[in-house]
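Beneath this line is the structure, given in structure tokens, with notes to follow.
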Amino acid sequence: MAIETQKEKSKQEEESRDFFCLVSDAFRIFARRSSIVLGSAWAFASAILVIIIWGLTGPTFHYSNTWQLIINTGTTIVTFLMVFLIQNTQNRDAKAAHLKLDELIRALKGARNELIDLEKLADEDLTSLEKQFERVRKKAERNGNNPGGMRRENRAERASKGKGD
């Protein structure tokens, strides 16, 4: 009887996991497509058109509180929902970029494989690694092994003046 209970519990967990996977996949697809559509010039032009129409209707509604509330509520709702769409697409893009970089690190002979999955390190570990790379950069500058044979400050100064000078 205990085995049947475990099977039922396992089946319920699997069904709930499937539901959450379906919801997650549906949201991923929706977010990706929405970001393509809403990030277009047409969406921007449509938003401008809505604001122009709203502004032109002001005299008709005597610039009432309700008239103002319509645009405030609309923009608040759109902003609230867009935060989730943008965050989802940025998370996916960042994860894809990290995986690509991890593959390059893994594939390069002599590369330090411990640099894979750096985004999962604690802040203290990242700071320590940053200091280590800063020491490597300074050593390279002292030894003349830097791009263009210039110090960091000189490269920055040259970049600010422009390439044509």
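Index from 1, following the sequence. Values in this document were obtained by computation on a predicted structure and should not be read as measured data.
- Residue Arg28 places its CZ atom among more than 12 non-hydrogen atoms of other residues, nucleotides or ligands, all under 6.0 Å distant.
- No side-chain donor-acceptor contact under 3.5 Å links Thr73 to the backbone of Ile70.
- Ring planes of Trp67 and Tyr63: perpendicular class, angle over 60° (limits at 30 and 60°).
- Tracing side-chain contacts under 4.5 Å through hydrophobic residues (I, L, V, M, F, W, Y), one reaches Phe44 starting from Ile52; they form part of the same cluster.
- The environment of Phe27 atom CZ is dense: over 12 non-hydrogen atoms of other residues, nucleotides or ligands sit within 6.0 angstrom.
- Ile36 and Leu85 fall into different hydrophobic clusters, where Ile, Leu, Val, Met, Phe, Trp and Tyr are joined by side-chain heavy atoms under 4.5 Å apart, directly or via other members.
- Comment: Glu134 does not engage Lys131 in a salt bridge, judged by the lack of any side-chain N to carboxylate O separation of less than 4.0 angstrom.
- Taking 4.5 Å as the limit, some side-chain heavy atom of Gln132 sits within range of a side-chain heavy atom of Leu129.
- For Glu141 and Lys138, the salt-bridge test fails: no basic side-chain N is under 4.0 Å from an acidic carboxylate O.
- Without hydrogens or angle criteria, Thr57 side chain to Thr60 main chain gives no donor-acceptor distance under 3.5 Å.
- Enclosure of atom CD in Glu130 is not indicated, since only 12 or fewer non-hydrogen atoms of other residues, nucleotides or ligands lie within 6.0 angstrom.
- Atom-to-atom distance recorded for Leu38:CG and Leu81:CG is 10.5 Å, nearest 0.5 angstrom.
- Annotation: the span from Thr75 atom OG1 to Trp54 atom CH2 amounts to 9.0 Å, rounded to 0.5 Å.
- Shortest non-hydrogen contact noted between Thr89 and Ala31 is CG2-O, 3.7 Å.
- Judged by distance alone, with hydrogens and angles left aside, the side-chain atoms of Thr127 form a donor-acceptor pair with the main-chain N or O of Asp123 at under 3.5 Å.
- The CZ atom of Arg92 sits 13.5 Å away from the CD atom of Gln87 when rounded to the nearest 0.5 Å.
- Placement of Phe61 and Ile53 in two distinct hydrophobic clusters is found when ILVMFWY residues are connected by side-chain heavy-atom separations under 4.5 Å, directly or transitively.
- The pair Arg32-Asp93 counts as a salt bridge, with a side-chain nitrogen and a carboxylate oxygen less than 4.0 angstrom apart.
- To the nearest 0.5 Å, atom OG of residue Ser24 and atom CG of residue Asn88 are 7.5 Å apart.
- A distance-only check finds no donor-acceptor pair linking the side chain of Ser128 to the backbone of Glu124 [under 3.5 Å].
- Side-chain contact of Asn72 with Gln68: a donor-acceptor pair under 3.5 Å is absent, judged by distance alone.
- With contacts defined as side-chain heavy-atom distances shorter than 4.5 Å, the pair Ile105/Arg112 does not qualify.
- A single hydrophobic cluster is not seen to contain both Ile116 and Leu99; linkage of ILVMFWY side chains at heavy-atom distances under 4.5 Å, directly or through other members, places them apart.
- Residues Ile77 and Phe84 share a single hydrophobic cluster, defined by chaining ILVMFWY side chains whose heavy atoms lie under 4.5 Å apart.
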